[in-house]
Amino acid sequence: TPVLLYDGECGFCAGSVQFVLKHEGVARRNALRFAPLQGAFGAMVRGRFPRIVGVDSVVWFDPTRDEPSAVQLKSAAALSAVAHLGGIWRVAARLGMLVPRVIRDVVYDAIAKRRLQLAAPACLIPTPDTRSRFLE
């Protein structure tokens with residue numbers, strides 16, 4: 001299953017993961033895993049894909065795909081997470097993909113640059129129902 005890697009020290013990022021958990025349909029549950037970039041799984045992905053070493057972005061990792069599409073960064077990763085939600089969210093993600101990547105990533109970078117100011121520091125504590133979906 002795909003894995004959404006996020007900054008485990010960022011409150012905005014923790015809120016984004018909570019958003020995905022809250023809005024995914026019942027049929028979509030367990031079709032996505034989560035892992036902090038700072039954890040062992042994040043280190044494994046960075047080791048496998050050296051081009052993302054030092055990347056400070058959300059990362060969508062799909063182990064069923066070949067490089068380079070196995071790893072998506074910035075706006076592409078965020079839109080993949082939104083598409084995962086299904087329904088109207090998938091439609092919104094597809095519309096977002098129509099915007100040229102350069103423009104999408106400029107917007108992504110502007111938000112990412114201010115993410116620590118947009119939300120208070122937060123520790124993401126999975127519920128017992130979602131704990132199995134989080135990788136170390």
Side-chain angles (χ1 to χ4, degrees):
T1 60
V3 179
L4 182 65
L5 292 112
Y6 62 95
D7 183 346
E9 299 170 354
C10 168
F12 185 82
C13 302
S16 298
V17 170
Q18 292 292 349
F19 179 87
V20 171
L21 289 168
K22 179 179 178 182
H23 290 92
E24 66 185 352
V26 174
R28 307 295 299 163
R29 293 187 184 141
N30 295 318
L32 177 64
R33 302 276 187 253
F34 304 91
L37 285 166
Q38 298 83 355
F41 189 86
M44 182 277 299
V45 173
R46 284 191 308 278
R48 185 172 165 196
F49 301 96
R51 71 181 177 92
I52 68 167
V53 171
V55 166
D56 187 18
S57 164
V58 65
V59 176
W60 180 269
F61 171 61
D62 187 343
T64 65
R65 293 186 174 182
D66 291 329
E67 176 67 26
S69 64
V71 173
Q72 297 177 7
L73 306 173
K74 296 186 179 191
S75 65
L79 289 171
S80 290
V82 172
H84 158 77
L85 300 176
I88 191 71
W89 296 108
R90 182 180 301 271
V91 173
R94 286 188 178 153
L95 290 173
M97 287 298 227
L98 295 176
V99 175
R101 181 180 215 137
V102 168
I103 295 170
R104 292 189 333 247
D105 283 349
V106 165
V107 173
Y108 179 93
D109 288 341
I111 294 168
K113 185 177 180 179
R114 294 166 184 79
R115 73 181 192 260
L116 298 177
Q117 292 83 31
L118 292 172
C123 181
L124 181 60
I125 302 173
T127 65
D129 292 344
T130 63
R131 178 68 193 121
S132 66
R133 297 178 61 194
F134 285 80
L135 306 171
E136 296 296 323

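The structure presented is a predicted model; accordingly, all values stated were derived computationally and were not measured.
A continuous path of hydrophobic side-chain contacts links V3 to V55 [ILVMFWY only; heavy atoms under 4.5 Å]. Under a hydrophobic-cluster definition in which Ile, Leu, Val, Met, Phe, Trp and Tyr are linked whenever side-chain heavy atoms come within less than 4.5 Å, directly or via other members, V17 and F19 are assigned to the same cluster. A single hydrophobic cluster is not seen to contain both V71 and V53; linkage of ILVMFWY side chains at heavy-atom distances under 4.5 Å, directly or through other members, places them apart. Following chains of ILVMFWY side-chain contacts shorter than 4.5 Å, one cannot reach Y108 starting from V106, and the two form parts of different hydrophobic clusters.
The CG atom of L4 lies 9.0 Å from the CG atom of L37; values are rounded to the nearest 0.5 Å. Atom NE2 of residue H23 and atom CD1 of residue I88 lie 12.5 Å apart, to the nearest 0.5 angstrom. With rounding to the nearest 0.5 angstrom, the OG1 atom of T127 is 9.5 Å from the CZ atom of R133. The CG atom of L79 sits 5.5 Å away from the CE atom of M97 when rounded to the nearest 0.5 Å. We find the CD-OG distance between Q72 and S57 to be 10.5 Å, quoted to the nearest 0.5 Å. Here the CH2 atom belonging to W89 is positioned 14.5 Å from the CZ atom belonging to R28, to the nearest 0.5 angstrom.
Residue pairs meeting the ring pair (Phe, Tyr, Trp, His ring centres under 6.0 Å) criterion with at least one partner in residues 64-86, sequence neighbours excluded, do not occur; the list is empty.
Residues A93 and V82 share a closest heavy-atom pair of CB-CG1, 4.0 Å. In this structure, P50 and G47 approach most closely via the heavy-atom pair CD-O, 4.1 Å. In terms of heavy atoms, D105 sits closest to S75 at OD1-OG, 2.6 Å. Closest approach of R65 and A70 over heavy atoms only: O-CB, 3.3 Å.
Between V45 and I52 there is a side-chain heavy-atom pair separated by less than 4.5 Å. By the 4.5 Å heavy-atom criterion applied to side chains, L32 and W60 are counted as neighbours. Residues Q38 and D7 form a side-chain contact, since some pair of their non-hydrogen atoms from C-beta on lies under 4.5 Å apart. Put simply, the side chain of K74 does not reach to within 4.5 Å of the side chain of R104, judged on heavy atoms. Under the 4.5 Å side-chain criterion, counting only non-hydrogen atoms from C-beta, V20 is in contact with L85. Between P126 and F34, every side-chain heavy-atom pair lies at or beyond the 4.5 Å cut-off. Looking at heavy atoms from C-beta onward, F61 lies out of side-chain contact with P2 at the 4.5 angstrom threshold.
Environment of CZ in R51: crowded, with over 12 heavy atoms of neighbouring residues, nucleotides or ligands closer than 6.0 Å.
Here R90 does not pair with E24 in a salt bridge; the nearest charged N to carboxylate O distance is not below 4.0 Å.
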Next on the checklist: Between F49 and V59, does the side chain to side chain contact (heavy atoms under 4.5 Å, CB included) criterion hold? Intermediate values first, please.
Outcome noted: CA-CA 11 Å; F49 301 96; V59 176; over 6 Å; no
Checklist entry - Step by step, would you call R131 with E136 a salt bridge (Lys or Arg N to Asp or Glu O under 4.0 Å)? => result CA-CA 11 Å; R131 178 68 193 121; E136 296 296 323; 2.6 Å; yes
